[in-house]
2 protein chains.
Amino acid sequence: MSKCEQCIVRQFNSLKHLSKEELLRMSNCKTSKIIKKGEILFDEGEHINGVFCIKDGVCKVSKMSDNGRNQIVSLIQKGDLLGERSLISDEVSNLKAVALNDMEICFIPKDEIIRDLQKNNNFTMSVLKDMASSLKTADNLIVDMAQKTVKQRLAETLLHLETKFSTNTDGNINIQLSREDIANVIGTATESAIRLLSDLKKKKVIEFKGKDIKILNRIALEKMATGF
Amino acid sequence: MSKCEQCIVRQFNSLKHLSKEELLRMSNCKTSKIIKKGEILFDEGEHINGVFCIKDGVCKVSKMSDNGRNQIVSLIQKGDLLGERSLISDEVSNLKAVALNDMEICFIPKDEIIRDLQKNNNFTMSVLKDMASSLKTADNLIVDMAQKTVKQRLAETLLHLETKFSTNTDGNINIQLSREDIANVIGTATESAIRLLSDLKKKKVIEFKGKDIKILNRIALEKMATGF
DNA sequence: GTAAAAACCTGATAAATATCATATTTTAAA
DNA sequence: TTTAAAATATGATATTTATCAGGTTTTTAC
C-alpha cells in the first residue's frame, strides 16, 4: 500500500492540509484502483461512500436530462478530488463519472474524510474554498448555457479545454473527446457539434485529425465566444 | 440594535449553529438595513465584505452574459444567507443582487463570519452542507439549461416558483416577477416568455392577471417539464 | 485480415427561438 | 387627471438548432 504522505498528487488538492498522522491513517484505510477507459466510477443514484483522489487519467462527470440526453457538467483530471459533494450532503450521487482514459485513483472512505473535516479546520476551510470555487464555475456555466449560442459555447469550450489540459508537442489539446462528448459538454446534438467543428476547420480557426484538435487562431475563438 | 439571539430568521440558516456568545458578538457588529424594491444589494465586481442575512423580502441574483443579456441564477428570500461564496473565496462578486420588493436585511461583516468559521466547526459544516446543496441545484440547472427547451424550462420554473414561494389565499404564486424577470430566469427572450405564458393560459394550464400567476393544472406542467 | 460495429460526416428539412415592428395596456410622474 | 414611460402583447420574419436519412471512415472483436 502506497503512502499518502509521499504522494505528489495530494499537493494539488485539499488533502495537502492534513497532518502526518491524518495522512498515515488515510494510507491505512484507502484503496487504490486502476479504472479502464470507459468504465464507470460511480453512477447516478449510487451511494458513493467516500472520495476519489485522482492520481492519473481523466473522467467525465455527467447527468441524464429528463429528455434522455446526457450533459457533461465537468471534466476531472489528475490531482482533483471527486465525490465530496455527495459525501457532505449525505445523499446519493446525482451525477455519473466515466473514465475517458485509463485511470489510477485512490478511494478514501467516508468516515475517514468526515473525521478529518470535523477535526482539522484548515482542511475543512480548504474544501469549503474548493466548493465555493466550483459554485462560481457552475454559475458561470448556467449563464453560458442559458444565454449563449451553440457556436459561442463551442468556441468557449475549445478555449477552456486548451487552458485546462494544455497542448502536447504537436500543439494538439491534451484530451481525447469523441464528437458526442463534445456535444454533451456544450449541450447540443452530436451532428450540430460536428458541423460547427467542420466550419471552424474550414475557416482555419482550428484543425483536427480524428480526436486530436489544435487551435490555430485563439483570438478568433475568443471573439466568437464573447459574441463579436 | 436588535439581538440576533432572539431573531427567528436565524433558525432557518447556518447561523442557528452559533453559540450565545457568538451571537452576542454578531449582534454588536451587524448592521440592519431596509432595502427598497429595485435597489441593488451588491453588483458584479464589488467586494461584498460580509454576509447578508435576509430578514424579509425577496431578491434576484443575476449575472450579465457577454452578449449583454442578464441571467437570473437564483431567487433569495426570508431566512436565506447571501454572499458567503464571495466571502469564502475572497474574491469580488461575480453576481448582482437586486431587491424584488422592499427588504429587511442584516449585514454581518466578513471578519466576524471568518472568525466563527474558524472556531465553530458545527457552523462551518453547516455552511459546507449549504454549499454542497447549492452546487447540486446548480448542476441540475446546468443540465436543464443545456438540454431542455424553453417551454420545458418555463413549466419547470413555474412549478419551482410555486413550491418555493407557495401560494396566497387566491391561489396565486407568492412572488411578483415581471415578464422580463421570468424570461431571465428561464434564459430566453422576453417576447418568447410572454408568448409561452399566453399559450399556457389559453390551454387553461395557468391563469394570470398582470404579475399574479396561478397554476391550474400542475400535472400538465409536470408532464411538460419532463418532456411528455 | 476481415467483418461488424461504432464513430464521423453531410444534406435536407422541420422545429424552436430570436428579432423586429408595432399596438395596447398598465404604471409612474407631473 | 393627464401625460409620458414602461411593461405587456402579438404578428411577421429570420436565424438557429434539431432531427432524420443516408453516406463514409475508423475502430473493435474475432
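Quick note: numbers below take in every heavy atom, side chains included, and nothing from hydrogens, waters or symmetry partners.
Sorted by first and then second residue, the ring-ring contact (aromatic ring centres under 6.0 Å, His included) pairs involving residues 43-102 of chain A (not counting sequence neighbours) are A:Phe42-A:Phe52, A:Phe52-A:Phe107. Annotation: ring-ring contact (aromatic ring centres under 6.0 Å, His included) contacts involving residues 61-82 of chain B, sequence neighbours excluded, are absent. Among residues at least two apart or in separate chains, there is no ring-ring contact (aromatic ring centres under 6.0 Å, His included) pair with a member in residues 186-214 of chain B. Applying the salt bridge (charged side-chain N to carboxylate O under 4.0 Å, His left out) test to every pair with at least one member in residues 185-211 of chain A, sequence neighbours left out, gives these pairs: A:Glu207-A:Lys214.
Rounding to whole angstrom units, CG of residue B:Leu177 and P of D:dA7 are separated by 13 Å. When rounded to the nearest whole Å, the span between CD of B:Glu180 and P of D:dA6 equals 12 Å.
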- Go through B:Ile76 and B:Leu81 one step at a time and tell me if the side chain to side chain contact (heavy atoms under 4.5 Å, CB included) criterion holds. CA-CA 8 Å; B:Ile76 300 291; B:Leu81 289 180; over 6 Å; no
Please tabulate, one pair per line, each protein N/O and nucleotide N/O from nucleotides 28-30 of chain D that are separated by under 3.5 Å, including the distance.
none

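Axis orientation changes by 60° from one end of the helix from C:dG1-D:dC30 to C:dA30-D:dT1 to the other, with each end axis drawn from 5 pairs and the value rounded to 10°.
Residue A:Lys33 qualifies as open at atom NZ: its count of foreign heavy atoms under 6.0 Å is 12 or below.
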N/O donor-acceptor pairs under 3.5 Å from side chains in residues 165-172 of chain A, not counting sequence neighbours:
from: A:Asn168; atom 1: OD1; to: A:Asp170; atom 2: N; distance (Å): 3.0
from: A:Asn168; atom 1: OD1; to: A:Gly171; atom 2: N; distance (Å): 3.3
from: A:Asn168; atom 1: OD1; to: A:Asn172; atom 2: N; distance (Å): 3.1

With a 3.5 Å cut-off and sequence neighbours excluded, list the donor-acceptor pairs that the side chains of residues 96-103 of chain A form with protein atoms.
from: A:Asn101; atom 1: OD1; to: A:Val58; atom 2: N; distance (Å): 2.9
from: A:Asp102; atom 1: OD1; to: A:Lys37; atom 2: N; distance (Å): 2.9

- Item | B/S/- contact track for nucleotides 9-19 of chain D, protein heavy atom under 4.0 Å | BBBB----SBB
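Using a 4.0 Å heavy-atom cutoff across all strands shown, A:Lys209 reaches no nucleic acid atom at all.
The footprint of chain B on DNA chain C, defined by a heavy-atom cutoff below 4.0 Å, extends from C:dT17 to C:dC20.
Taking a cutoff of 4.0 Å between a charged side-chain nitrogen and a carboxylate oxygen, B:Arg218 and B:Glu162 qualify as a salt bridge.
Taking the side-chain contact (heavy atoms from CB on, under 4.5 Å) definition, one finds that A:Thr157 meets it with A:Leu161, A:Val185, A:Ile186, sequence neighbours left out. Here A:Asp90 pairs with A:Lys110 under the salt bridge (Lys or Arg N to Asp or Glu O under 4.0 Å) rule; sequence neighbours left out.
A donor-acceptor pair under 3.5 Å is formed between the side chain of A:Asp80 and the backbone N or O of A:Gln77. A distance-only check finds no donor-acceptor pair linking the side chain of B:Arg69 to the backbone of B:Gly187 [under 3.5 Å].
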